[in-house]
Amino acid sequence: THTPREALKFAADLRLNLSQAEKNEKVEALLKDLHLQKCADTRIGSVLIRGISGGERKRTSIGVELITNPSMIFLDEPTTGLDSETSLRVVELLKQLAEAGRTVISTIHQPSSDIFKEFDQLILMARGNIIYQGQAKLAIDYFARINFPCPHYTNPSDYFMRITNEDDILMNPENQGKELTAEEIEDQFSKRVTTLTEAYKLQGNDSTIPIETTKIAEGRVFQTNFWTQFTLLFYRSLLNSFRSPMEYRMKIFQALFLSITSVIVFQNLGAEVSGIQNRNGVLFLLCVGLIFGALQGAIGTFSTERALFLRERLNKQYTVSAYFWGRSLSDIPFHIITPMIELSIIYFGTGLSTSLPEKYWIAALTAITCYFTGTSYGLFLSVAIPKQEVATALVPVVMIPLMAFGGFFVNQNKIP
């Protein structure tokens with residue numbers, strides 16, 4: 001839910017050891033260089049939240065990495081998911097960065113002919129072997145010299161992709177009308193890769209360049225201390241919560257629905273012996289509902305932030321402990337409000353105890369503890385299991401044993 005300006009400022013606050021005025025000046029300069037001034041205060045957005053365009057989102061991601069003014073930039077398919085016009089704008093931006101003195105290295109998948117013209121140097125690989133390395137504009141002449149001419153009016157990148165793919169064997173005029181087996185296709189393609197690799201080596205390009213290596217200092221160096229990291233992460237998490245309230249609205253709706261249903265079923269608990277079973281039932285249902293709701297919500301929360309956390313962590317923006325405490329403490333108000341709403345409606349709606357007011361606060365503490373327990377289990381599953389679908393499927397594995405040993409379905413004296 002951040003805007004491009006906020007995203008760049010967040011990265012600057014964590015990664016730059018400058019004064020606040022210098023950080024703000026650098027952020028504004030980047031917004032101008034990346035042509036993000038018009039959308040600087042528009043939310044970036046996500047799958048569920050409408051925000052800036054795909055090209056603007058890509059440029060924002062590039063800007064976050066440029067905040068430290070690196071001499072070399074690595075990008076992994078920066079045009080994926082973008083239309084041809086937006087992809088061209090992103091590549092033109094990278095071209096400008098390269099002309100400004102930076103080294104830009106990028107993988108790219110099926111670029112258009114206009115994008116291909118922007119490349120300075122090109123490396124083509126087939127099955128882990130380099131088959132070309134040199135100026136991009138000379139690649140067509142090189143492959144023509146080794147009997148792999150690029151047809152006229154054909155996008156060079158499409159042709160290079162084709163000759164490094166096994167499917168091109170079936171399109172070979174010599175194989176038209178033939179039914180080749182998988183072994184024959186594999187044999188012909190292996191020979192082609194060998195031919196291309198040997199041709200590359202004959203050009204004198206298969207030489208090893210000695211480089212000087214420097215031992216990297218052990219440990220991680222962060223530009224800010226723990227409290228600064230914690231404060232920034234706490235503020236970002238709290239801001240995200242207020243800007244995307246749908247998750248918390250759904251949790252409150254769930255609490256209201258379960259509590260009203262419980263009141264309908266368990267109203268007039270009674271003061272006789274049968275009322276004991278009724279009270280056990282409503283308390284058990286309350287605890288299970290709180291833990292289930294908290295557990296499911298926690299799984300979805302971290303799973304959506306995993307990729308962002310890993311990238312920022314690798315960039316040495318903050319420690320794991322700062323992220324954990326900042327992210328966890330920002331949710332505490334909501335983790336108190338939700339169980340209190342559900343408990344209050346059930347407690348007074350069913351008449352659990354009207355004679356001893358202090359019992360309410362004991363029940364409130366128990367409800368909040370149950371909610372925090374469910375959240376802890378959810379965070380554990382989301383951290384231990386990368387895929388959200390698998391983590392969600394394992395929720396019953398966690399909950400059923402807790403329910404079985406809770407003493408509601410079987411007498412505690414009978415539990416082994």
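The six-membered or imidazole ring of Tyr200 lies away from that of Tyr132, with a centre-to-centre distance of 6.0 Å or more.
Scored by the side-chain contact (heavy atoms from CB on, under 4.5 Å) test, Asp33 finds no partners at all (sequence neighbours excluded). Every residue meeting the ring-ring contact (aromatic ring centres under 6.0 Å, His included) condition with His335, not counting sequence neighbours, appears here in chain and number order: Tyr371, Phe372. Listed by chain and number, the residues in a salt bridge (Lys or Arg N to Asp or Glu O under 4.0 Å) with Glu22 amount to none (sequence neighbours excluded). Listed by chain and residue number, Glu247 satisfy the salt bridge (Lys or Arg N to Asp or Glu O under 4.0 Å) test with Lys251 (two or more places apart in sequence, or in another chain). Residues meeting the side-chain contact (heavy atoms from CB on, under 4.5 Å) test with Asp187, sequence neighbours left out: Lys191. When the side-chain hydrogen bond (donor to acceptor under 3.5 Å, both in side chains) test is applied to Ser106, no partner is found at least two apart in sequence or on another chain. Contacts of Thr194 classified as side-chain contact (heavy atoms from CB on, under 4.5 Å), with partners at least two apart in sequence or in another chain: Glu198. Partners of Phe292 by ring-ring contact (aromatic ring centres under 6.0 Å, His included), not counting sequence neighbours: none found.
In Gln37, the CD atom is crowded: over 12 heavy atoms of neighbouring residues, nucleotides or ligands sit closer than 6.0 Å.
Counting only residues at least two apart or in different chains, side chain to side chain donor-acceptor pair (under 3.5 Å) contacts with residues 89-102 comprise Asn69-Arg102, Lys95-Asp120. The salt bridge (charged side-chain N to carboxylate O under 4.0 Å, His left out) analysis of residues 367-383, with sequence neighbours excluded, yields no pairs. Residue pairs meeting the side chain to side chain donor-acceptor pair (under 3.5 Å) criterion with at least one partner in residues 375-395, sequence neighbours excluded, do not occur; the list is empty.
With no hydrogens or angles considered, a side-chain donor-acceptor pair links Asn155 and Ser157 at under 3.5 Å. For the residue pair Gln223 and Tyr318, no side-chain donor N or O sits within less than 3.5 Å of a side-chain acceptor on the partner. With hydrogens and angles left out, the side-chain atoms of Ser237 and Asn240 include no donor and acceptor closer than 3.5 Å.
Val320 is listed as a side-chain neighbour of Arg313, based on a closest heavy-atom distance under 4.5 Å. The closest side-chain heavy-atom distance from Leu97 to Ile62 is below 4.5 Å.
To the nearest 0.5 Å, atom CG of residue Leu295 and atom CG of residue Leu394 are 10.5 Å apart. Between the CE atom in Met125 and the OG1 atom in Thr197 there is a gap of 9.5 Å [rounded to 0.5 Å].
Between Glu56 and the options Cys39, Ser61, Pro4, a side chain to side chain contact (heavy atoms under 4.5 Å, CB included) holds for only Cys39.
Side chain of Gln229 to main chain of Thr224: a donor-acceptor pair is present (N/O by atom type, distance under 3.5 Å, no hydrogens or angles).
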Which donor-acceptor pairs under 3.5 Å do the side chains of residues 253-265 make with protein atoms, sequence neighbours left out?
| from | atom 1 | to | atom 2 | distance (Å) |
| --- | --- | --- | --- | --- |
| Ser259 | OG | Ala255 | O | 2.7 |
| Ser259 | OG | Leu256 | O | 2.9 |
| Thr261 | OG1 | Phe257 | O | 2.7 |
| Ser262 | OG | Leu258 | O | 2.8 |

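The cationic group of Arg236 lies under 6.0 Å from the six-membered ring centre of Phe10 and within 45° of the ring axis, placing it in a cation-pi geometry.
Phe116 and Phe119 have perpendicular rings, their planes meeting at more than 60° on a 0 to 90° scale where under 30° would count as parallel. Classified by interplanar angle (parallel below 30°, tilted 30° to 60°, perpendicular above 60°), the ring pair Tyr360/Tyr347 is perpendicular.
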